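Working notes for the structure below.
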Amino acid sequence: MIRKKVRGTEALLLSLIAEGTDTIFGYPGGTIMPFYDDLYHYSDQINHILVRHEQGAVHAAEGYARSTGKAGVCIATAGPGATNFVTGIADAMLDSTPLICITAQVNADKLGTNFFQEADTIGITLPITKWSYQITGADEIPQVMAKAFYIARSGRPGPVVISVAKNAQVETTDFAYDQAELLKDLVSKDKRAAADGASEEEIARAASAINAAERPLIIAGQGVTISGAENELAELARRGNIPVATTLLGISCIPSADPLYVGKVGMHGNIAPNKMTQEADLIIAAGMRFSDRVTGETHGYAPKARIIHIEIDRAEVNKNIRADLPLIGDAKNILARLNRAGIESRPREEWFGFARKEAEAEYERIIAPELSGGGKRIRMGQVIDRITKAACDEAIIVTDVGQNQMFAARYARFKNKRSWITSGGLGTMGFGLPAAIGAKTGNPDRNVVAILGDGGFQMNIQELGTVMQSGIGVKIVLLNNTYLGMVRQWQELFFGKRYSFTHLDNPDFQQILAAYRIPARKVTDPQELEEAVSWLFSTDGPAFLEAAVLEEENVFPMIPAGATLDDIIYDKYDK
Amino acid sequence: METQKFVVTAVGKNRLEILNRIASLYLQRNIPVESFILSKDRDGNSRYKICAQAPESSIIKIVNQINNIVDISKVDYSI
Ligand SMILES: Cc1ncc(C[n+]2csc(CCOP(=O)(O)OP(=O)(O)O)c2C)c(N)n1
Ligand SMILES: [Mg+2]
């Protein structure tokens, strides 16, 4: 334990180090200057990545957090620095990502005076944070930071905002960091007891429901990744011979090639797991929250199934979908207990046969035509497929939002956990590039590929500067269809093909990349795609590949907004 | 949906932030609050008491979400 007399900002830095922080993403400014002044002396212990916009810092911290399992840390100045954080914080809240967002604030005695660069950061971010705190005295720093890290990481993780008044940064304080001591009054006892979760009896009831089921389906969400329950999930599936689907955020918690894996559920998910949801007599939902993108219209969801809901956040249980057997607790703990509760295997030949038949139908009707190299134009799915192949299914794939994201979700394959990072709940365009920067920073030895659309790329295109200056070896793939493709798809299907403000006149991206001194290529001919992809991976450091893809391609299958999972559409003539 | 008057009572630390977080849960769901009382109990904890007309299913969800607020130790509802 360290104990010494320090300035508030040094106390902040020492707290971060004591919590294991090795990287922070940030942007300086007037009110946060004392912190940056101390950071100058700590650059051997903390790697600071200078972003180009504070939104980029938050998304980078998210990419870092979700790929490493550690809390991501980002820092900004008061006022506009803090307000630029807002989108990223909201994104992290919806996707349960542990973040420590530190923002400066004006002197405590000037609060509420509309002082230069004063914004009510705490007030603005209250509904989109798991916890927040305004530090007005340096003495508070160690305790608040210990609490911040604990809250961000524990239970269902989330973002925490710490707003540090200028005077607290410059005052001196006695610094001591004894985590256990600092956290001792954190959670009241009865609340902690309640969080302990499912009783033995509930576990036993769930186990017998599983053993009695003829057509069970596991749906795994990001909770499995967050709790590190990948092995326990696989064990339950093996023991019971139960097919496993994932949600969009659950992707990569089970290897794509696992024989029990049946694909992704949801709006653009695979046909088999969506239809299996409707046919199942038991759904075992693990660490997922039945988002509307997963369920479609809820009244028609899983009509034949009893539902076991394994969930750490009690507020999610029975919120969207009825849970017949809620099992409250950490997914790893609950799954391990289920595995010890006598799960029996069954052949389930018909059930797996159903899955196979639907998967084959999807392959023939949708996948094969999209992936075959026959056409004159590059298809988005082909790009993803070739990239996945070239990376031997071992890359971390980070996406933006839109068609690029959905094609990536459909065609990327994974061997390793924590390899899929996408903005699910908030669907934040502009997420991809900075999140990939964060993921690469946390995983310097892995291939990290950003899959971007031409719209979303331009929402945080300034982060190319971060890539250049910090030499971050991300592989950037731009699927350029000259459209806000996903919106255009909806216009085509549901708004009489009126393309209202979805076409983009784009700049010459190659010139932009050249200006940033990042190796770049453009590919237009499907015949040249494979070679271009191998160039991407064989180039040292960052590299950029732009694929000029078929402009008006659509993502299918699709469950239209307001429809149930029974109403899958397979192509544009099918609605 | 059938609505009814419900009183939600939460106990926790005395932090104005909590008041704001609770209010925003009602605001988010567009449920008008009839009264909102913040008082101190004998143990020095703060008691947040909110009365609002809403469907019970919404109140249950709000109660669960209030329970998620850090520094809230207890929450319940009654008619
Ligand atoms: C910040 C933000 N603004 C608007 C949207 C709505 N939106 C969702 S997808 C999309 C189109 C994305 O276009 P592009 O980045 O080119 O990707 P594509 O769908 O063409 O692959 C839009 C505008 C959003 N998700 N996020
Ligand atoms: Mg596009």
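Source: prediction; values computed, not measured. Below, all heavy atoms of this structure are taken into account, side chains as well, without hydrogens, waters or symmetry copies. Per chain, numbering begins at 1; letters A, B, ... match sequence-line order.
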Proximal component of A/N318, with respect to chain B [non-hydrogen, under 4.5 Å]:
backbone

Under a 4.5 Å heavy-atom cut-off, does chain B meet the side chain of A/I151, its backbone, both or neither?
side chain

Are there over 12 heavy-atom neighbours, none belonging to B/D41, within less than 6.0 Å of that residue's CG?
yes

Roughly how far apart are B/R15 CZ and A/Q134 CD, rounded to 0.5 Å?
10.0 Å

Which atoms form the tightest heavy-atom contact between B/E17 and A/L126, and what is the distance?
CG-CD2, 3.2 Å

Derivation of the side chain to side chain contact (heavy atoms under 4.5 Å, CB included) call for B/D71 and A/K147:
CA-CA 11 Å; B/D71 297 328; A/K147 196 167 165 178; 3.1 Å; yes

Counting neighbours of CZ on B/R47 that are heavy atoms of other residues, nucleotides or ligands and sit closer than 6.0 Å, is the number greater than 12?
no

Between B/R21 and A/T129, does the side chain to side chain contact (heavy atoms under 4.5 Å, CB included) criterion hold? Intermediate values first, please.
CA-CA 10 Å; B/R21 284 186 183 275; A/T129 47; 2.8 Å; yes

Measuring from A/D313:CG to B/N67:CG, what's the distance to the nearest 0.5 Å?
9.5 Å

Would one find more than 12 heavy atoms of other residues, nucleotides or ligands at under 6.0 Å from atom CZ of A/R306?
no

Least distance between heavy atoms, B/N68 atom then A/A315 atom:
ND2-CB, 3.6 Å

